[in-house]
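Throughout, residue positions are numbered sequentially from 1 according to the sequence presented.
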Amino acid sequence: MGKLDGKVSLITGASSGIGKATALLFAKEGSKVVIADVKDKEGEEVVNEIRKNGGDAMYVHTDVSRSEDVRNAVESAVKKYGRLDVMYNNAGIEGPSSPTDEYPEDMFDKVISINMKGAFNGIKHASAQMKKNGGGSIISTASIAGLVGFSGMSAYCASKGGIIQLTKTAALEFAKDNIRINCIAPGAIHTPMVDRIGETDKEMMDAVIKAHPLGRLGEPEEIAKTALYLASADSSFTTGSVMVVDGGYVTQ
């Protein structure tokens, strides 16, 4: 018996990294999974992997910065599976590394639009559906960059800090509807995004790894297990929380 038997989960940014690891884990735990991403080929490959392992999944092309795309993903999930129990707003980009006074305005807008507005769109459309179900769980990927500053990452830090405040506000608003809303604040996780940062600034990445008291990058599966906790009945009394999974980074 899985922890998500009979549940329907929608995961954005699920073609790779944390999203993919979570999709595979949720399917293993019995959930039907909707993969929402802009990378169609990779997204379909995740669907196929889930099906090969005996799970049930579908793919929906979704640009999370577009409200209509997120609404369509939610509606597609309900049309195919009849309901939506779990929404995981995971899609995000890191943006360029640049001092705030030199940060390209168009890129600032893009990072905010995908990361923070994407989470807003997910909360907005998923909560409307979950009210009809009698409840649900909404999870978003924030970051330790929403809790502490990182030089050259003004847009990313602002977007992740915004996700944390969206989470807390929405948790208060929807508690009466039995919709639990939480977020995860990972440290540096071994994902394609982090790999890209390491490729452009190896010295900075080495310093980031050393700054984690556990002395290593986290793995996507470690975040997926946290998402499973928040998605399942194990966290039935948890809402408005920021689950920090960072190898001790912000404890210092």
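Closest of all the heavy-atom pairs between Ser15 and Glu42 is CB-CB, 3.7 Å. Here the closest non-hydrogen pair linking Thr62 and Val38 is O-CG1, 3.3 Å. Nearest approach of Asp56 to Tyr81, heavy atoms of both residues: OD1-OH, 2.8 Å. Smallest separation of non-hydrogen atoms from Glu29 and Lys3: OE1-N, 2.8 Å. Closest approach of Ile179 and Gly135 over heavy atoms only: CG1-CA, 4.1 Å. The two residues Ser137 and Met130 come nearest to each other via the heavy atoms O-CE, 3.5 Å.
A search for side chain to side chain contact (heavy atoms under 4.5 Å, CB included) contacts involving Glu105 returns Asp109, not counting sequence neighbours. Partners of Ala185 according to the side chain to side chain contact (heavy atoms under 4.5 Å, CB included) rule, which considers only residues two or more places apart in sequence or in another chain, are Leu147, Val242, Val244. Residues passing the salt bridge (charged side-chain N to carboxylate O under 4.0 Å, His left out) test with Lys41 are Glu45, sequence neighbours excluded. Glu222 is linked by a salt bridge (charged side-chain N to carboxylate O under 4.0 Å, His left out) to Arg216, counting only residues two or more places apart in sequence or in another chain. Scored by the side chain to side chain contact (heavy atoms under 4.5 Å, CB included) test, Ser67 finds Arg71, Asn121, His125 as partners (sequence neighbours excluded).
His212 places a side-chain N or O within donor-acceptor distance of the main-chain N or O of Ala188, the cut-off being under 3.5 Å. Listed for the Asp246 side chain is no donor-acceptor partner under 3.5 Å among the backbone atoms of Pro186. Here the side chain of Asp69 pairs no donor or acceptor atom with the backbone of Val64 at under 3.5 angstrom.
Ser16 is not listed as a side-chain neighbour of Thr191, based on a closest heavy-atom distance of 4.5 Å or more.
For the atom pair OG (Ser241) and CG (Asn182), the distance works out to 5.0 Å, reported to the nearest 0.5 Å. Annotation: the span from Ser159 atom OG to Lys110 atom NZ amounts to 13.5 Å, rounded to 0.5 Å. The line from CG of Asn89 to CG of Asn115 is 11.0 Å long, rounded to the nearest 0.5 Å. A distance of 10.5 Å separates CG of Asn72 from CZ of Arg66, quoted to the nearest 0.5 Å. Atom OG1 in Thr239 sits 9.5 Å away from atom CG in Asn178 (nearest 0.5 Å). With rounding to the nearest 0.5 angstrom, the CD atom of Gln129 is 11.0 Å from the CG atom of Leu10.
In the model, Arg180 has a side-chain atom that pairs as donor or acceptor with a side-chain atom of Ser235 under 3.5 Å. Between the side chains of Ser9 and Ser31, at least one donor-acceptor pair of N or O atoms lies under 3.5 Å. For the 3.5 Å distance criterion, the side chains of Asn90 and Thr141 qualify, holding a donor opposite an acceptor.
Surrounding NZ of Lys210 are at most 12 heavy atoms belonging to other residues, nucleotides or ligands under 6.0 Å away.
Transitive grouping of hydrophobic side chains (ILVMFWY, heavy atoms separated by less than 4.5 Å) keeps Met107 and Met153 in distinct clusters. Following chains of ILVMFWY side-chain contacts shorter than 4.5 Å, one can reach Leu166 starting from Val111, so the two form part of one hydrophobic cluster.
Through direct or relayed side-chain contacts under 4.5 Å between Ile, Leu, Val, Met, Phe, Trp and Tyr, Val86 connects to Leu4, Ile11, Ile18, Leu24, Leu25, Phe26, Val33, Ile35, Val46, Val47, Ile50, Tyr59, Tyr88, Ile139, Ile184, Ile189, Ile223, Leu228, Tyr229, Leu230, Met243, Val245.
Between Phe150 and Tyr249, the ring planes are tilted. Angles from 30° to 60° get that label.
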query = Does the pair Asp5 and Lys7 meet the rule for a salt bridge (charged side-chain N to carboxylate O under 4.0 Å, His left out), with working shown?
reply = CA-CA 6 Å; Asp5 281 349; Lys7 302 293 186 182; over 6 Å; no
